[in-house]
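Single-structure report; data block below.
In what follows, every heavy atom counts, from backbone to side chain, and hydrogens, waters and symmetry copies are set aside. Numbers restart at 1 for each chain; the letters A, B, ... are given by sequence-line order, proteins then strands.
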2 protein chains.
Amino acid sequence: MPASPSSTAHSPAQRPARDRILDAFAELLGEQSERAATLDAVAARAGVSKGGLLYHFASKDALVDGLLERLRASVADDVERMRTAPDGPVDYFIRTSIATATPESQEFERSIVAVARLAQGADERARDALAAMQHDWLGVLEEAVGDPVVARTIMLLGDGIYYNTALLPSGSGVLSEPADLERLLELVHRLAARD
Amino acid sequence: MPASPSSTAHSPAQRPARDRILDAFAELLGEQSERAATLDAVAARAGVSKGGLLYHFASKDALVDGLLERLRASVADDVERMRTAPDGPVDYFIRTSIATATPESQEFERSIVAVARLAQGADERARDALAAMQHDWLGVLEEAVGDPVVARTIMLLGDGIYYNTALLPSGSGVLSEPADLERLLELVHRLAARD
DNA sequence: GTCTATATCGCGATAGAC
DNA sequence: GTCTATCGCGATATAGAC
């Protein structure tokens with residue numbers, strides 16, 4: 001029930017300023033660093049002035065809140081996709097830890113990396129948001145594999161992959177070969193198999 | 001061949017200012033954040049004035065270099081301990097990823113966390129130092145388990161543990177129960193076993 | 001809604017006394 | 001070798017025009 005069908009999708013230029021600002025903030029956090037994500041830099045990348053930015057987000061704290069809310073919404077969607085994934089939650093979790101394709105999951109990834117950067121900067125709210133995300137993921141994994149320690153092991157593996165691919169862009173190509181990813185998945189499923 | 005034997009060990013008050021400054025820098029980075037580790041804060045914690053700090057380290061860059069050099073030395077020691085560990089490199093690696101006891105390894109941990117924070121802040125040298133450390137670890141693991149993908153899997157697991165315990169002090173107790181750690185080690189060794 | 005000032009503050013770094 | 005004092009810059013945030 002879209003109020004105005006023609007406005008449910010936006011070309012880049014039409015995308016609301018509020019969204020463009022959050023995009024710019026997340027991108028600067030992810031591609032550069034927390035220090036680089038100044039109000040000036042965010043405003044410039046979003047194509048507004050600093051004053052324009054501060055009309056939509058009255059302070060930098062409000063900007064952070066906007067990003068956290070966006071993350072929470074993406075987490076809810078992702079958990080749902082994880083639950084209903086054709087090859088099961090474990091396969092979905094490991095695969096999406098290493099790389100993604102769809103536009104929604106790319107925005108999700110950007111949000112995670114951005115919030116992780118804020119968490120490193122000692123932002124308590126950001127840490128809580130990440131902890132809540134991990135809690136939700138772990139719940140689905142436990143449901144899928146039964147054994148809590150195995151579920152935790154798989155999640156630690158996913159965290160390690162994420163830490164290397166997304167948070168340390170040194171990118172020595174952690175699992176660059178597709179065949180390596182398949183072998184890793186095989187190892188993980190062997191872990192999950194009851195004996 | 002110590003020049004003055006009585007000065008090879010220092011009580012906290014006697015510990016050279018240079019070392020105290022590096023300690024303070026690493027602690028502030030680890031316990032708080034990159035932003036909190038200002039020259040003023042480092043000087044205050046080390047018990048010197050800002051001018052005193054800048055006598056030993058002429059710039060903040062020099063301070064970072066000092067920390068990186070300290071990390072490199074610790075890595076060399078750790079790799080040696082890993083190679084000669086009684087229960088093998090894999091056991092050593094996983095156990096020391098989760099928690100440590102000896103004073104040297106505590107300084108090592110603090111250095112890793114501190115440098116990881118700098119790497120998140122887009123410091124190229126810090127990223128290179130972490131990449132070199134991982135490269136060394138991976139070499140020992142590959143030597144121990146034979147299979148490169150298994151070795152990489154174990155390292156990703158260790159990275160995940162580290163990321164949760166050290167970098168996200170949300171500390172929901174990733175593997176709080178000692179019995180859980182033993183089960184995790186059992187799972188890892190099952191991974192490493194050839195079949 | 002978005003802009004251009006501008007106020008205020010904290011940081012890194014320098015100068016020079018002791 | 002360590003201190004105090006100060007400069008210059010960049011960041012957040014405010015005020016007010018359009």
> Could you give the NZ-to-P distance, from A/K60 to D/dT12, as a whole number of Å?
Replying inline: 4 Å
> Starting at NZ of A/K50 and ending at P of D/dG10, how long is that distance when rounded to a whole Å?
Replying inline: 12 Å
> Can we say A/R81 and A/D77 salt-bridge, meaning some charged N sits less than 4.0 Å from an Asp/Glu carboxylate O?
Replying inline: no
>> Regarding B/S49, tell me which of base, sugar-phosphate or nothing describes its non-hydrogen contacts under 4.0 Å with the strands shown.
In response: base
>> Nearest whole Å is fine: how far is C/dC11 C1' from B/F57 CZ?
In response: 19 Å
> Taking for each residue the nucleotide of DNA chain C with the nearest heavy atom, is it A/G47 or B/D61 whose nucleotide lies nearer the 5' end?
Replying inline: A/G47
>> Taking the nucleotide of DNA chain C with the nearest heavy atom to each, does A/L53 or B/S59 sit closer to the 5' end?
In response: A/L53
>> Please report the distance, rounded to the nearest Å, between CD1 in B/I21 and C1' in D/dC3.
In response: 13 Å
>> Do the side chains of A/D87 and A/R95 get close enough for a salt bridge, i.e. N-O under 4.0 angstrom?
In response: no
> Can you check the A/D40 CG to D/dA13 P distance for me, whole Å?
Replying inline: 12 Å
> In whole angstrom, what separates B/Q32's CD from C/dC11's C1'?
Replying inline: 16 Å
>> On DNA chain D, compare the nucleotides closest to B/R35 and B/Y55; which residue's is nearer the 5' end?
In response: B/Y55
>> For the CZ atom on A/R35, are there more than 12 heavy atoms of other groups (residues, nucleotides or ligands in this structure) within a distance under 6.0 Å?
In response: no
> Is B/R15 paired with B/D23 through a side-chain N to carboxylate O contact shorter than 4.0 Å?
Replying inline: yes
> Rounded to whole angstroms, how far apart are CG on A/L39 and P on D/dA11?
Replying inline: 9 Å
> Base, sugar-phosphate, or nothing for B/L54, non-hydrogen atoms under 4.0 angstrom?
Replying inline: base
